[in-house]
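For reference, the structure discussed in these notes is given below.
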Amino acid sequence: MANSQEKGEEKTINHEEEREVRNNMANSFGVNTKPKEDVWIPTVCNMCFCNCSILVHRVDGVITEIKGNSESSYNADGGICGKAHSGIMLHYDPNRITKPMKRTNPIKGIDQDPGWVEISWDEALDTIAEKIKAAEPREVATGLSVASIIGGLNNMAFFAGTLHCPNVVISDICGAAIHLASDLQNAAANACPDYKYNKYLIQFGMQAGTATRHGFTMIAVRMAEARANGAKLVAVDPHMSASAEKADHWLPIRPGTDAALALSMANVLVNELDIYDREFLKTRTNSPYLINADTQRILRDKEQNLPLVWDSVENCAKVFNDPSIKDFALLGEYEVDGVKCRPSFQILKEHLKTYTPEYAEKITTIPAAKTRLVAKEFGEAACIGSTITIDGKVIPYRPVAADTFSGISRHKHALLSHLSIFLLNTLVGSQNVCGGMIGYAPRALGAPETGALAWEPEVNRDGYLDYVSSLLPGLGSHYGKAKEDIVGDDGLGLMYLMPLNKSEQHFIYYNQLYGEKYGKDYKLKVFYNYAGNNLKNWGNNDHMAEWFKSIDFVVSVDHWLNDSSYFADIFLPEADYLERFDIMPNAAMGHHTINGMGVKWCIAVRQPVVPAKDNALSATEIIIELADRMGLNKEFQAAMNWSWGIKPEYAMDGSRKFTIEEMYDRVLKSICGEEHGLDWIMEHGVYTWPKKVEEVYLWPFIGGRISVYYDFFLDAKEKIGSFVRENNIPWELDDYQPLLEWKPCSEYEVTIPEYDLLPIYYTNSVQVDSWLIENPWLNELNSMDPYAFAIEINRATAEAKGLKDFDKVRLETTRGYSGEGYLKLTEGIHPECLGVHSGCYNTQSKYMPRSRKKGFAISNLIPVEPDRLCHITGAYEQCVRVKVTKI
Amino acid sequence: MRYAMVIDLKRCVGCHACVTACKAVNSTPPGDLRAYVLRKEIGKFPDTKRIVLPMLCMHCGDPACVKVCPTGATIKRDDGIVCIDKNLCIGCRACATACPYNVRFFIKSNNGYYNGHITPFEELNAGKHSVGVMDKCDFCLERLEKGEQPVCVQTCVTKARTFGDLDELMPLIRSRNGYQLRAECGTDPSVYFLD
């Protein structure tokens, strides 16, 4: 052909040439055309609540790839997890609902076809607005899933800030007790080891950086680097978790006994090895505060009512902050004005003697020698007394941490357990210092151009680190809340009796059906359920079905028609995360973002990569529309102005409906400055500024004391106690106790011999909920995982019971709740446990074909009863004894 | 020049990010996993260990697959990458049998991940894979040609993977006593593992 062209001869095409073209064509469908468009759009992932920053590749309008945005803090230096890559399949899932629907079958039930018919957005929104208007505020609840917290925040601004609805229903458990424990110890609702410098980490009931936790990818890269450089990891978990796989020691503990193990390690440190940080205990804890032997309360001076300590040099009592104190006594027995008293550390030290490793072994099943070994390694690695210089500042260096999270919060006495674990850090002085445990964002000095997003804890009158922040700045003082007068509120969650509970209104699940027990004479009539699958994610499914049926009008905002949607009257499809804006998807950076040197402050934009299918709205846009239809633009915008700290010059005045783009722009300009509004961040993806050493470590810069003796719990106990006695409310007050203690969880004892096993659940890095099984790439991984949908059982336990791999079995509780599944024998689980992935599977919805009837729902076995709830924090006891029977 | 990869198992947490990243970039059909992660339990409770092993084509120096390919479809390039000419492959699966690592996949059908409902993503990438032929990891050849790293290396959340010229990686491999899997098979893999 080339020759013929050179010769200028007439061009003819022969058969061979045609065949060659066909050969090339045969494998070219869709690949040989140069794309008209080929762009990478910066946005924020939403395949879990970590909200990593991503870049999304769009070619001719089609999403082809997702990768980490290395400009951002929120990922593993450009690496993202298995779920994040799979977002493409969520977006293109044909089972994702994109048009509003209403039910036509009035009978609700998981066995009822709701008779869905499509309706217009106008009809859906008008109906919802009318139903909300027709009900009293207290009869209306908003719902959210912890996994979708950002839409949840805007919902709450609307329902709580605008409509004054007291009821907020969380479909799953949040951190419960851990958030209070972290507030008290690390001045932030979440805390993490200082991964960059940490050398010895004990994880209790968690898989941070190996499979899960807020900021998983951020942690994974740092922890791996630390491990590669010799850091040690200890995993305390009844199940061979992802952390246990990587651990130097796996401590397979009996569920619900972590406090006993932690306190026995504390005992080894204090009473056997004499390893504790005296300087830290004296100056940064209430260890030297004198405790009145008669009242068990802190002894205070008569003039100022401030805590007293004993000056061991001058041999007299002084107010704790008296500058003349030569040295603080930690030990001993004293008498002040005729009152016998001891430093709280002396009391703690004696109290810990109960928890010998041998005593704890009987509770935890962890061999005493192993407890001693880990305690010794931890104490020796703490480098007590050493310092490090960072950016010219001298910081105490304690590169050890005992960390705790979800597994512990699934028990009634979670608060005492978390605090017992954190006590290990406190004893060796590794709280709020380099290498130890630090809050996620305890202190923020503000964005460089505006000074916005600035907060810091303060030291209160009694010397405690106090006034802490969380998702949004400004949650206030726990010490103050413990004393404030109780004002009876209307919420079914009984939050007025739980002043230290941050968000978990789980009494709603009981009081909606049996509220008379707590003096509640009304029921919810409207439930606006954003992204929650309460039926599967809470307790016994039959109870939850009755709960849903007792609510007149339920709205479900979701991507799929899940089991809970079977009880919805109207289904609103939310645009997916690749189709929508979300205002501040990383909130105020204090919740999902770990702390540490080198972790930049980072504002990231979630923006549409492609138009929303069928013009579905975002959660925020739905709320904007509802506010407008209800004539509440002014009230809602005022709530948004407050929630997001919109500066007066950008504040929305309620004169008209504002679009989400307008709201977002105002939030961004308030934080990042006039030049860095929505247009700027849509192009650049992230706005960052460096973190200062003063923002990372509190000990040297803020000071303040944390507790080893929780005296202020007794303020709450006294106040709530007198209120419930006067009002004849059945209420538990026992866990308001100053000394930490292990207490058996529900059904700790085997009462009927054949009901001998405890089901537990765990997550891995790609599967946490039924909607992720719907994702075919992620579900393909399940096909390679023999444990994915099985019930794991210890091999020896199974053999003793004559059970084999893949035996079909029924698990049944003493009250007759049951479920069926198949067994997988393993050496990777405690002999008294059964292990199930995620614990809320076995989807029944026919609209979720891939996850339908796969896996096992432990949630179905757990009674929804008040005596399983922590009456301080809302933690939910999930230990339930089962009998396993071959079927 | 011989491309090679080092995987540090001390870092790897077996999170499957490499697997789904590979899925997206190579748009492989259902059942075709160019990258995957294996787990195996050893020991008796409580002295149990669960071993994690991320897998991919080992890009052997002396590849068994090349030797047995009857059509010359599987070749080893000068840069060490073993790849398949899909036009020549007849899907006889001799290579899969010969491969000591179980990292070659026969594409039986490409009906998409939603049982015949082909997503726009799958439609756009449909030309990348043909039914009736073999498929395997090619160290993300297309990305290498653009100067990028294989996607499993780029996305790894623990930075467990290092990619480059074998000569340059050799000091790292030697310093950590790196090893090839199933070295006794004599195929001289270009993927090394560090404990």
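Chain identifiers are assigned alphabetically (A, B, ...) following the order of the sequence lines, protein sequences preceding nucleic acid strands; residue numbering begins at 1 within each chain. Side chains included, hydrogens not; waters and symmetry mates left out as well; all remaining heavy atoms used.
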Going by atom types only, do [X] and [Y] share a side-chain donor-acceptor pair under 3.5 Å?
X: A:Glu827; Y: A:Asn794; answer: no
X: A:Glu792; Y: A:His239; answer: yes
X: A:Thr365; Y: A:His830; answer: yes

Within 45 degrees of the axis of the six-membered ring of [Y] and under 6.0 Å from its centre: does [X] put its NZ or CZ there?
X: A:Lys67; Y: A:Trp40; answer: yes
X: B:Arg50; Y: A:Tyr787; answer: yes
X: A:Arg850; Y: B:Tyr114; answer: yes

Tell me which of these, [options], has more heavy-atom pairs under 4.5 Å with chain B than the rest.
options: A:Leu778, A:Ile66, A:Asp77, A:Asp93; result: A:Asp93
options: A:Ile80, A:Ile829, A:Thr217, A:Ile88; result: A:Ile80
options: A:Trp777, A:Phe216, A:Tyr92; result: A:Trp777
options: A:Ala84, A:Pro849, A:Cys81; result: A:Cys81

- Just wondering, do B:Met58 and B:Gln180 contact through their side chains at under 4.5 Å, heavy atoms? no
Check each atom of [X] against the heavy atoms of chain B and say whether the ones under 4.5 Å are side chain, backbone, both or neither.
X: A:Met240; answer: both
X: A:Thr826; answer: both
X: A:Gln207; answer: neither
X: A:Met89; answer: both
X: A:Ala247; answer: backbone
X: A:Ile63; answer: backbone
X: A:Glu774; answer: backbone

Can you tell me which portion of [X] sits under 4.5 Å from chain A's heavy atoms? Options are side chain, backbone, both or neither.
X: B:Val151; answer: side chain
X: B:Gln154; answer: both
X: B:His16; answer: both
X: B:Leu33; answer: side chain
X: B:Arg39; answer: side chain

- Taking the inter-plane angle between the rings of A:Trp250 and B:Phe45 on a 0 to 90° scale, is it parallel (under 30°), tilted (30 to 60°) or perpendicular (over 60°)? perpendicular
- Could you please spell out the steps behind the side chain to side chain donor-acceptor pair (under 3.5 Å) verdict for B:Lys23 and B:Tyr113? CA-CA 11 Å; B:Lys23 272 279 151 205; B:Tyr113 269 98; 2.7 Å; yes
- Output for pair (B:Thr158 OG1, A:Glu225 CD), nearest 0.5 Å, gives 10.0 Å
